[in-house]
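So the structure is just underneath, and the comments pick up after that.
Labels below follow one simple rule: chain letters A, B, ... track the order of the sequence lines, proteins then strands, and each chain is numbered from 1.
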Amino acid sequence: MASIEVHKTFPPMTRETLALYAGASGDSNPVHLDAETARRAGFPDIFAQGMLVMAYMGRAVTDKFPIDRLRRFSTRFLAVTQLGDELTCRGTASEPRDEDGERRVTIELAMTDQHGEIKLAGSAVVAL
Amino acid sequence: MSAARLEALKGHVFAPVTALVDERRLRLFNRAIGEAEPPTTAGDAEGRVPVPPTYLFCLEMLDAENPFAFVEEIGVEITQILHAGQDFTYHAPVHVGDRLHFTARLADVFHRKRGQLTFLVQEIEVANQHGCKVADIVRTLVLQHESLAA
């Protein structure tokens, strides 16, 4: 069986993207919206909500698998995604196994920027 | 809020939140994450529209009286924390029209880097209008010590 690969690229992160996500997600944390607040918190400028980047990672997975086949989805947030960053999500699935009465794979996922820095490292468990 | 005071709050149960999976709000969210195309925004065979994998995290904030209660209730300001990790375990599908109940507790508080970082681990159970548990969520937040008020 050919290995299952996940690969998806995303447009550059913009202020508009962050504002739209803040409104749609309820996460109005000002460090993602207001440059002055971000600077006071020790950042050069506003930066992407971690959950926006995780949502992108989720899209990379649901491009390949129906949402209702997803059993688990987890990430660690390793680095902040800055304005202008162009993200790519890559993932590779494990060999299928039997678990809870169904065939499942684990997909190890990484979200990297244009310099290859890993922003999020995650995994998804999917029922085939 | 000192690290010791936070540790004493281990086990704290947060005010529960009830949230509605609303079609128009979900459409806005899908647009915000760039997901405008089927299959994830189209209904299934019965016309039920599923939610994207991370949407449960947002719903709790969207319908909470105070979206930042999950930190402010334990004396931490939202701009002081960073998100360290997020974990969803899905038990049953969630669709537009569902009414979900979120029950969160501060499951763990621990320190790293010789006490410079304090991690807050929150466990959240999500049940639907039928009393069926649809998901377990673990949210891990990190506080840098120099940003802690004395």
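B/Asp63 places a side-chain N or O within 3.5 Å of a backbone atom of B/Leu20 that can act as its donor or acceptor partner. No donor-acceptor pair under 3.5 Å is formed between the side chain of A/Glu117 and the backbone N or O of A/Ala79. Checking side-chain atoms of B/Asp98 against main-chain N and O of B/His95 turns up a donor-acceptor pair under 3.5 Å.
For chain B, the option among A/Pro30, A/Ser28, A/Ala124 with the highest count of heavy-atom pairs below 4.5 Å is A/Ser28. Of the listed residues (B/Met61, B/Arg31, B/Glu60, B/Gln86), the one with the most heavy-atom contacts under 4.5 Å to chain A is B/Gln86. Ranked by non-hydrogen atom pairs under 4.5 Å with chain B, the options A/Val31, A/Asp68, A/Leu70, A/Val80 are led by A/Leu70. Between chain B and the options A/Ser25, A/Gly23, A/Gly58, the largest number of non-hydrogen pairs under 4.5 Å is found for A/Ser25. The greatest number of non-hydrogen atom pairs below 4.5 Å with chain B, out of A/Arg76, A/Arg71, A/Arg59, is found for A/Arg59. Chosen from B/Pro67, B/Ala84, B/Ala135, the residue pairing most often with chain A at heavy-atom distances under 4.5 Å is B/Ala84. For the set B/Tyr55, B/Phe68, B/Phe57, B/Tyr90, the count of heavy-atom pairs under 4.5 angstrom toward chain A peaks at B/Tyr90.
If you measure heavy-atom distances from A/Ala41 to chain B, the contacts under 4.5 Å come from the side chain alone. Heavy-atom distances place both the backbone and the side chain of A/Tyr21 under 4.5 Å from chain B. With a threshold of 4.5 angstrom between heavy atoms, A/Leu52 approaches chain B through side-chain atoms but not through N, CA, C or O. With a 4.5 Å cut-off on non-hydrogen atoms, A/Ser123 does not touch chain B at all. At a 4.5 Å heavy-atom cutoff, the contact between B/Phe88 and chain A is made by backbone and side-chain atoms alike. Residue contact with chain A, scored on non-hydrogen atoms closer than 4.5 Å, involves the backbone and the side chain of B/Phe29 alike. If you measure heavy-atom distances from B/Leu82 to chain A, the contacts under 4.5 Å come from the side chain alone. The part of A/Thr37 that comes within reach of chain B is its side chain, from C-beta onward, which places non-hydrogen atoms under 4.5 angstrom from that chain.
The shortest side-chain heavy-atom distance between A/Leu87 and A/Leu120 does not fall under the 4.5 Å cut-off. Between B/Val134 and B/His91 there is no side-chain heavy-atom pair separated by less than 4.5 Å. A heavy-atom distance below 4.5 Å is not found between the side chains of A/Thr75 and B/His83.
In the hydrophobic clustering of this structure, B/Val71 does not group with B/Val121; members are Ile, Leu, Val, Met, Phe, Trp, Tyr whose side-chain heavy atoms approach within less than 4.5 Å, directly or through other members.
In summary, the aromatic rings of B/His111 and B/Phe119 are positioned with their centroids too far apart to meet the 6.0 Å limit.
Using a cutoff of 4.0 Å between basic side-chain nitrogens and carboxylate oxygens, A/Glu99 and A/Arg72 are not scored as salt-bridged. Salt-bridge check for A/Asp85 with A/Lys119: passed, with a basic side-chain N closer than 4.0 Å to an acidic carboxylate O.
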